[in-house]
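Indexing begins at 1, ligand by ligand and atom by atom, following the structure's order. On a predicted model such as this, the values are computed, not experimentally measured, just so you know. Throughout, numbering of the chain's residues begins at 1 and tracks the sequence.
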Amino acid sequence: MKGRDRNAPCWCGSGKKYKKCHLNRDDQPKDNPWSAVDVNRKSFAKKKCCARDVGLGPCDGGVIKAHTVSRGPNLAKIAENGHVLHYTATVQDLNKNGGKLSVKKVGIKDASVFYGFCGKHDRELFSCIENEPFAGRPDQCLAVAYRTISRELYGKDAAAHLRETLRGADKGMQPFEQFMFQKMLDDINTGNEAARREAKVTHDVLTSALVNNQPETIGSYVFEFESPLPFMFAGAWSPFTDFYGNELQNGYSEELLQQIFVSSFAGDERAMVCISWRDIGGAPGKVIAEQIKALAADQQASALFQIVTKHVENIFFNPNWYEGLGDKQKEHLNRLVTDGVDIIGSVPSSPVRLEIDFQLPIASRTFQP
Ligand SMILES: [Zn+2]
Ligand SMILES: [Zn+2]
């Protein structure tokens with residue numbers, strides 16, 4: 001290698017000179033992988049109120065652990081001895097496809113929390129879903145969608161450091177592996193930045209809907225079930241395809257991707273699932289909600305459950321129900337979770353299978369708030 005090349009910017013895009021970056025990287029000792037995990041954990045513990053300085057009044061009371069699936073009204077209903085189950089991926093495993101996923105126990109105090117709201121905003125903005133039973137009112141649908149998109153945006157902000165943190169994690173790898181590793185970091189970063197921009201736009205739209213009291217900014221369908229559901233969830237994603245795998249939107253053009261919002265609510269004898277979307281023409285969320293609504297009443301809970309398991313990590317199971325599932329059911333869930341964790345939104349490869357029985361209640365009605 002000539003002196004000039006050694007001083008050129010490194011091929012990996014770090015901005016450093018080659019000699020200070022990838023030169024002889026295959027001979028360098030490996031970094032301790034836990035240091036990256038640690039940085040990751042810290043960025044997810046960053047405290048920041050999502051409703052600060054946006055026209056929703058001043059913050060107060062410090063940033064708290066905010067729940068995205070309500071604890072009292074929802075998580076407590078599916079818990080056994082204060083615990084629920086959820087899927088976790090090992091953090092070191094970046095390219096989660098093929099990564100190890102396991103079902104772990106979590107206390108409901110710590111389930112589905114993020115440091116994204118101050119005490120006052122958390123109390124005021126979500127009182128209509130925390131302190132009143134969910135009835136599918138427009139203000140309730142907006143509040144839950146707003147909380148969900150806030151959590152999404154918080155997560156994308158937190159993940160923005162990932163590439164810088166992991167740039168050196170290819171020490172000791174062979175040159176081709178180094179190249180593949182850096183390419184993967186690049187893809188992850190590109191995907192995250194796009195998702196972050198989209199989440200920010202939607203977050204701004206829903207914030208102004210709250211500020212101006214315009215719940216009609218979103219559209220929703222509420223599915224009501226005859227008996228309680230054994231899982232609870234809240235999440236959002238940008239669907240590339242509809243329920244049957246036909247393309248709805250693609251990430252290729254400059255067009256912003258639209259999200260679908262899903263959340264569930266436990267009643268005492270019944271349960272509800274709310275699907276929402278930003279109410280613009282041809283909203284992907286509306287297409288999917290209508291496809292699920294068109295299914296037989298005894299297939300709707302399963303369809304919702306499977307599509308959410310595939311796309312949302314913020315889903316929790318009743319331990320007895322999960323343990324009681326057969327091998328076929330558990331294997332299918334593992335497949336959905338593993339396939340759903342894609343970084344840049346590849347075409348779904350693991351379809352929903354309505355013939356697999358998850359012992360879920362029958363839908364009694366569907367309505368638009
Ligand atoms: Zn480099
Ligand atoms: Zn605040």
The ND1(His22)-the Zn ion (ligand 1)-SG(Cys12) angle, to 10°, is 110°
- Message: Looking at Asn212, I want to see if its CG is surrounded by more than 12 non-hydrogen atoms of other residues, nucleotides or ligands under 6.0 Å.
- Response: yes
task: Give a yes/no verdict on a cation-pi contact between Arg147 and Phe126, requiring under 6.0 Å between NZ or CZ and the six-membered ring centre and an angle within 45° of the axis.
output: yes
| said: Does Lys46 qualify as a cation-pi partner of Tyr115, given the criterion of NZ or CZ under 6.0 Å from the six-membered ring centre and within 45 degrees of its axis? | reply: no
Between Cys49 atom SG and Cys118 atom SG, the angle centred on the Zn ion (ligand 2) rounds (to 10°) to 120°
Tell me if the aromatic rings of Phe367 and Tyr221 count as close, with their centers under 6.0 Å from one another. no
Atom name of the N, O or S atom of His121 nearest to the Zn ion (ligand 2) is ND1
Taking both backbone and side chain into account, is any N, O or S atom of Cys50 nearer than 2.8 Å to the Zn ion (ligand 2)? no
